[in-house]
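Just so you know, these numbers use all the heavy atoms, side chains as well, and skip hydrogens, waters and symmetry mates. Below, read A as the first sequence line, B as the second, and so on, with proteins coming before strands; counting in each chain starts at 1.
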2 protein chains.
Amino acid sequence: MSDNDFQRLFAAILDLGLPKSMASRLRAFGREIDVKCGTVAEFDETSDRFIVFVAKGVAKLVGHLGNDREQIVALVLTNDLIMQSRTGTVPYFLYGITDCRLLAFPADAFIRTVAADPDIAKAIFDRMFVAFDQSRDMSVLLGRKTAQERVASFLSSMADRIGNEDENAGLLSLPISRREIADSLGLTIETVSRQFTELRQLGVIDTNGRSEVKILDRLRIRKLAALPL
Amino acid sequence: MSDNDFQRLFAAILDLGLPKSMASRLRAFGREIDVKCGTVAEFDETSDRFIVFVAKGVAKLVGHLGNDREQIVALVLTNDLIMQSRTGTVPYFLYGITDCRLLAFPADAFIRTVAADPDIAKAIFDRMFVAFDQSRDMSVLLGRKTAQERVASFLSSMADRIGNEDENAGLLSLPISRREIADSLGLTIETVSRQFTELRQLGVIDTNGRSEVKILDRLRIRKLAALPL
DNA sequence: CGTGATCTTGATTGAAATCAAGAAAAGTGG
DNA sequence: CCACTTTTCTTGATTTCAATCAAGATCACG
């Protein structure tokens with residue numbers, strides 16, 4: 001990755017220009033990691049906390065509980081940020097859902113470096129706040145929402161994140177399988193499938209093949225998701 | 001709160017001495033908030049993101065979903081840190097479980113200030129990583145664990161956080177009610193109560209009154225909690 | 001000591017999991 | 001491009017775990 005690519009990437013991620021000096025200091029200890037679809041991202045063993053940017057692709061952070069029970073705790077798209085740590089009570093791994101290009105920084109060095117520029121530090125903190133909000137919203141969903149509310153919440157949030165905004169408003173091409181939807185919503189694939197069918201019968205969505213979903217009524221799906229309107 | 005109290009508090013929270021200059025700069029925009037047991041912490045309207053330290057007491061951060069459905073997304077004890085934000089998809093409020101003394105900083109000013117000292121910045125980031133780990137562990141618990149595993153996880157984590165370490169090892173005085181345990185585990189009070197009974201019958205815990213729990217077998221309760229040993 | 005709140009226990013219901021086929025889509029190789 | 005296989009998804013039947021409903025019991029507090 002060239003100096004320019006690096007600066008462009010950070011600009012896209014942080015909505016903020018990165019001074020040349022900061023860019024080169026960060027590049028010194030940042031590692032580019034390519035992750036093939038379906039495989040685990042390997043971080044080096046020198047740190048157990050990383051700040052990871054997704055330069056390209058879609059990835060999932062998965063907590064493993066044994067007995068085939070797993071929970072996706074974060075679904076990350078291009079330009080998202082992940083805090084990867086090995087200090088949770090269960091093992092977590094970052095998997096490529098598509099082929100991914102990641103940019104990983106050992107957390108300590110990264111923080112000490114960005115602290116030198118208060119604007120960058122603030123931008124990073126903002127991103128972390130967003131990730132916190134998402135993680136908490138996920139706890140509310142997993143702890144208190146019904147299967148229908150979970151699936152509606154998922155579709156609503158995907159529409160906000162990757163929805164077409166032109167004449168095909170509300171048309172989604174889901175980057176993930178039913179199994180992954182189930183693993184992120186704390187449900188089984190059968191229940192997810194049934195809820196898709198039910199939302200289709202309610203006239204809230206339409207589907208085409210496995211991955212295309214058209215949201216016909218944005219407001220109604222938010223209502224079904226128990227989200228504020 | 002005096003300058004000295006302030007420095008002592010930060011030392012306790014961050015395991016790190018706070019230089020006098022930093023302490024006085026932070027004090028300039030930090031607000032002390034007293035929260036009575038059972039009431040909501042009121043933050044000023046000038047910011048919607050705060051870094052909050054618990055100087056004294058026990059508090060809960062609660063997400064509200066309507067229809068009496070609520071989920072405790074974080075249980076915070078003395079010397080813990082909370083990222084409070086108003087930008088989640090559901091409304092969150094911080095409640096005192098006991099009378100609390102909080103120290104709240106508008107996030108932007110706080111970050112710009114602590115960035116000046118890389119050691120402090122790193123200490124804050126470390127705390128945030130811990131909070132992330134907790135939030136993700138909570139997602140795994142809520143998404144994939146059974147009622148028994150949830151209650152066992154709760155007791156095991158409380159033992160780690162507030163357990164007696166002397167001759168009364170494993171003796172806990174729970175700071176929260178059955179309703180709050182249920183609200184934090186995504187269960188009903190009846191189910192929590194039944195699981196307490198079952199763990200007692202299994203000989204893993206003993207209880208005395210409403211709040212005293214003695215953990216008789218730390219290893220076994222971790223096994224029942226689906227935690228690594 | 002009595003009153004109200006909190007907790008426990010039991011009976012029943014219900015929402016989602018599990019079990020079990022099929023159907024549809026995506027690969028594979030000729 | 002088309003059989004053929006494999007994987008993923010959908011639908012139905014049944015089971016199960018936790019929620020709900022309903023009394024009591026226990027505890028805290030005035």
Side-chain angles (χ1 to χ4, degrees), chain A residues 36-38 60 65 67-72 97-98 141-155 172-202 205-213 224-226, chain B residues 37-38 60 65 67-71 97-99 141-155 172-202 205-213 224 226:
Chain A
K36 283 265 158 275
C37 161
K60 60 180 175 181
L65 206 55
N67 293 105
D68 291 318
R69 290 189 291 176
E70 46 185 71
Q71 177 65 38
I72 298 181
I97 289 179
T98 64
L141 177 146
L142 294 170
R144 293 296 175 211
K145 287 191 180 182
T146 65
Q148 183 163 95
E149 288 168 339
R150 294 183 201 201
V151 173
S153 298
F154 167 77
L155 290 172
L172 300 179
S173 180
L174 297 181
I176 65 176
S177 68
R178 296 286 185 274
R179 160 137 304 287
E180 287 164 326
I181 297 172
D183 283 345
S184 96
L185 299 179
L187 300 170
T188 60
I189 50 173
E190 293 96 324
T191 299
V192 172
S193 183
R194 277 185 254 271
Q195 293 307 327
F196 268 82
T197 305
E198 205 166 318
L199 291 174
R200 204 182 318 109
Q201 286 166 352
L202 288 170
I205 63 170
D206 202 2
T207 59
N208 184 13
R210 275 159 192 192
S211 63
E212 268 190 29
V213 179
L224 290 170
Chain B
C37 160
K60 58 179 177 182
L65 205 56
N67 295 105
D68 291 317
R69 288 189 291 175
E70 48 186 70
Q71 177 64 38
I97 288 180
T98 63
D99 291 353
L141 178 147
L142 294 171
R144 293 294 176 215
K145 287 192 180 181
T146 65
Q148 183 164 95
E149 288 168 339
R150 295 183 201 201
V151 172
S153 297
F154 167 77
L155 291 172
L172 301 179
S173 178
L174 297 181
I176 66 177
S177 67
R178 295 288 185 272
R179 159 137 304 286
E180 287 163 327
I181 296 172
D183 283 345
S184 95
L185 299 179
L187 300 170
T188 59
I189 49 172
E190 293 95 325
T191 298
V192 171
S193 182
R194 275 185 254 271
Q195 293 307 328
F196 267 82
T197 304
E198 205 165 321
L199 291 173
R200 204 181 319 108
Q201 285 166 353
L202 287 170
I205 62 170
D206 202 1
T207 58
N208 183 12
R210 273 157 194 194
S211 62
E212 268 190 31
V213 178
L224 290 170

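For D/dC17, neither phosphate oxygen OP1 nor OP2 lies less than 4.0 angstrom from any side-chain nitrogen or oxygen of B/Thr146. In this model, the phosphate group of D/dA19 is approached by a side-chain N or O of B/Thr191 to a distance below 4.0 Å at OP1 or OP2. OP1 or OP2 of D/dA19 sits under 4.0 Å from a side-chain N or O of B/Thr188.
Put simply, CG on B/Asn208 is 14 Å from P on D/dT26, counting in whole angstrom units. In this structure, A/Leu174 atom CG and C/dA25 atom C1' are separated by 15 Å, rounded to whole Å. Residue A/Ile189 contributes atom CD1, which lies 14 Å from atom C1' of C/dA16 at whole-angstrom precision. In this structure, A/Leu199 places its CG atom 16 Å from C1' of D/dT11, rounding to the nearest Å. The distance from atom CD of B/Glu190 to atom P of C/dT8 is 11 Å, rounded to the nearest whole Å. A straight line from CD of B/Glu198 to C1' of C/dG10 spans 15 Å, rounded to a whole angstrom. Taking atom CD on A/Gln195 and atom C1' on D/dC9, their separation rounds to 15 Å, with Å as the unit. Atom pair A/Glu212:CD and D/dC9:P shows a separation of 15 Å (rounding to whole Å applied).
Nucleic acid contact class of A/Ser177 (heavy atoms, under 4.0 Å, all strands): sugar-phosphate only. At the heavy-atom level, A/Arg194 lies under 4.0 Å from base atoms of the strands shown. Using a 4.0 Å heavy-atom cutoff across all strands shown, B/Arg178 reaches sugar-phosphate atoms only and no base atom.
Using modelled atom types, one finds no donor on one side chain facing an acceptor on the other under 3.5 Å when comparing B/Lys60 with B/Ser184.
Tested against A/Arg150 for a side-chain contact (heavy atoms from CB on, under 4.5 Å), the candidates A/Leu141, A/Val192, A/Leu155 yield a single pass: A/Leu141.
Looking at A/Arg210, its side chain comes within 3.5 Å of the base of C/dA24 through a donor and an acceptor atom.
Heavy-atom nearest nucleotides on DNA chain C were determined for B/Phe196 and for B/Arg144, and the one closer to the 5' end corresponds to B/Phe196.
The closest side-chain heavy-atom distance from B/Thr207 to B/Ile205 is below 4.5 Å.
In this structure, CG in A/Leu224 is found 8.5 Å from CD in A/Glu149, a value given to the nearest 0.5 Å. For the atom pair A/Gln71 CD and B/Lys145 NZ, the distance stands at 11.5 Å (nearest 0.5 Å).
Proximity note for A/Leu187 (side chain, C-beta onward) versus C/dA16, D/dA18, D/dT10: the nearest is C/dA16.
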